[in-house]
Amino acid sequence: TFVDQYSAAFQKQNLKLSFDLSNNNFSVLNNAITTNAVTTADLSITAEYVVEACQCGAIDYTCLNFPYPEIGQNDLVHICVFPALANSLVVEVSNFFMEFKVGDVVHLSPASIGTTGPQSIGISALTKSGDIHKVTTRLITSMFEGGNKNFEVEGNAYLQFKSNQQTKRLQDRSLQDTEAGESFFTMQVQMKKKVIPTKGSSSSNSGVVLLSVVGGCLTLAVAFVILKKMEK
């Protein structure tokens, strides 16, 4: 019983309904089951990064104009190694080795693989500016034997991803500070022989000059004596 909107009294009843399903049956027919197509993604990314080398200046890291100047015996040669311009925003050279070859013979290895980066030998020096590594060394005598006029600079560089804004998106894939592959590099340098006077030839030339001077003085002395006698 309701008074206004409030319930004031109610009657409780229990109803019992009986069902007999023992004689009933059912079936599900002609239902086909298909699976959804699986979406796949290839997370393997293949990229080839290139390293270049050039003959560069003594006081800077700029490649010289081609054709490169000839290098003489005992002269310094400067070789710069760097990522190609198209790769320079993504990768950098982490390590490399370099060889000077005449034909198939390796005459000098001015740079080799080090623990934390490339390392030099006694007659070479390694410097770096930005992405560019410079190898400075002298040419050795054996490279000029047999009338050789050029030699090959060959090496292999190892690359790693840069940690800058250009590759920040790779951090989620755990690719930062990991190797980005390797690249072979090669170039040719022209050589020229120098004519260096030996000590023996210098001494001989000095002796010839000295004898010429002494001979000239004797000639003047004899002429002077003869002139005096004629005056008497």
Side-chain angles (χ1 to χ4, degrees), residues 48-88 91-160 180-208:
E48 183 177 352
Y49 300 107
V50 178
V51 171
E52 297 178 348
C54 73
Q55 195 171 322
C56 49
I59 60 176
D60 57 26
Y61 292 78
T62 304
C63 292
L64 301 179
N65 293 329
F66 194 83
Y68 300 134
E70 296 177 330
I71 305 298
Q73 186 174 345
N74 203 39
D75 284 347
L76 291 174
V77 62
H78 310 276
I79 307 297
C80 286
V81 177
F82 49 91
L85 181 61
N87 313 142
S88 59
V91 295
E92 61 188 352
V93 175
S94 60
N95 220 330
F96 68 92
F97 71 86
M98 181 184 293
E99 297 175 337
F100 290 178
K101 299 174 65 176
V102 177
D104 295 328
V105 179
V106 177
H107 288 262
L108 186 65
S109 298
S112 59
I113 300 294
T115 304
T116 58
Q119 60 184 16
S120 61
I121 62 173
I123 63 172
S124 66
L126 297 180
T127 54
K128 183 183 179 183
S129 176
D131 294 334
I132 306 174
H133 295 261
K134 182 195 286 187
V135 178
T136 300
T137 188
R138 294 188 183 276
L139 300 188
I140 59 177
T141 306
S142 64
M143 299 177 66
F144 292 85
E145 296 175 353
N148 299 319
K149 295 184 178 180
N150 56 65
F151 67 91
E152 301 293 329
V153 177
E154 295 182 359
N156 206 59
Y158 295 88
L159 300 161
Q160 66 181 14
E182 58 187 87
S183 175
F184 175 78
F185 61 87
T186 182
M187 59 167 292
Q188 190 177 85
V189 176
Q190 303 298 316
M191 298 186 297
K192 63 178 179 180
K193 284 189 175 182
K194 287 184 176 181
V195 179
I196 303 175
T198 61
K199 292 183 179 180
S201 60
S202 299
S203 300
S204 300
N205 293 336
S206 300
V208 171

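Numbering of residues begins at 1 and proceeds along the displayed sequence.
K134 contributes a side-chain N or O that, together with a main-chain N or O of D60, makes up a donor-acceptor pair within less than 3.5 Å. Judged by distance alone, with hydrogens and angles left aside, the side-chain atoms of N87 form a donor-acceptor pair with the main-chain N or O of V50 at under 3.5 Å. At distances below 3.5 Å, at least one donor-acceptor pair connects side-chain atoms of S94 with backbone N or O atoms of Y158. At distances below 3.5 Å, not a single donor-acceptor pair connects side-chain atoms of N95 with backbone N or O atoms of I113.
Taking both residues in full, the closest heavy atoms of N148 and E145 are given as ND2-O, 2.7 Å, listed atom of the first, atom of the second, then distance. When all heavy atoms of Y68 and M187 are compared, the closest pair comes out as CE1-CE, 3.7 Å. Here the closest heavy-atom approach between residue D131 and residue S88 is recorded as OD2-O, 3.7 Å. The two residues P110 and V135 have their closest heavy-atom pair at CB-CG1, 3.7 Å. Closest of all the heavy-atom pairs between A84 and E52 is CB-OE2, 3.9 Å.
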Practice item. Given side chain to side chain contact (heavy atoms under 4.5 Å, CB included), test E154 with F184 step by step and report yes or no. Key: CA-CA 8 Å; E154 295 182 359; F184 175 78; 4.1 Å; yes

Review point. Run the side chain to side chain contact (heavy atoms under 4.5 Å, CB included) check on L76 and R138 step by step: do they pass?
Key: CA-CA 4 Å; L76 291 174; R138 294 188 183 276; 3.4 Å; yes

Review point. Under the side chain to side chain contact (heavy atoms under 4.5 Å, CB included) criterion, do K128 and L126 qualify, and how do the steps go?
Key: CA-CA 7 Å; K128 183 183 179 183; L126 297 180; over 6 Å; no

Review point. Stepwise, does the side chain to side chain contact (heavy atoms under 4.5 Å, CB included) test hold for F82 with V93?
Key: CA-CA 7 Å; F82 49 91; V93 175; 5.9 Å; no

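Between M191 and N150 the shortest side-chain heavy-atom distance does not fall below 4.5 Å. Between V153 and V77, every side-chain heavy-atom pair lies at or beyond the 4.5 Å cut-off. The closest side-chain heavy-atom distance from I123 to L108 is below 4.5 Å.
If you take SG on C80 and CD1 on I132, they are separated by 6.0 Å, rounding to the nearest 0.5 Å. Within the model, atoms CE of M98 and CD1 of I121 stand 11.5 Å from one another, a figure rounded to the nearest 0.5 Å. Between the CD atom in Q188 and the CD atom in E152 there is a gap of 4.5 Å [rounded to 0.5 Å]. The distance from the CZ atom of F151 to the CE atom of M143 is 4.0 Å, given to the nearest 0.5 Å. For the atom pair E48 CD and E182 CD, the distance stands at 11.0 Å (nearest 0.5 Å). A distance of 10.0 Å separates CD1 of I59 from NE2 of H78, quoted to the nearest 0.5 Å.
Less than 6.0 angstrom separates the ring centroid of F96 from the ring centroid of H133.
Remark: C63 SG to C54 SG, distance under 2.5 Å.
Between F100 and the choices I140, T137, V106, the side-chain contact (heavy atoms from CB on, under 4.5 Å) rule is met once, by T137.
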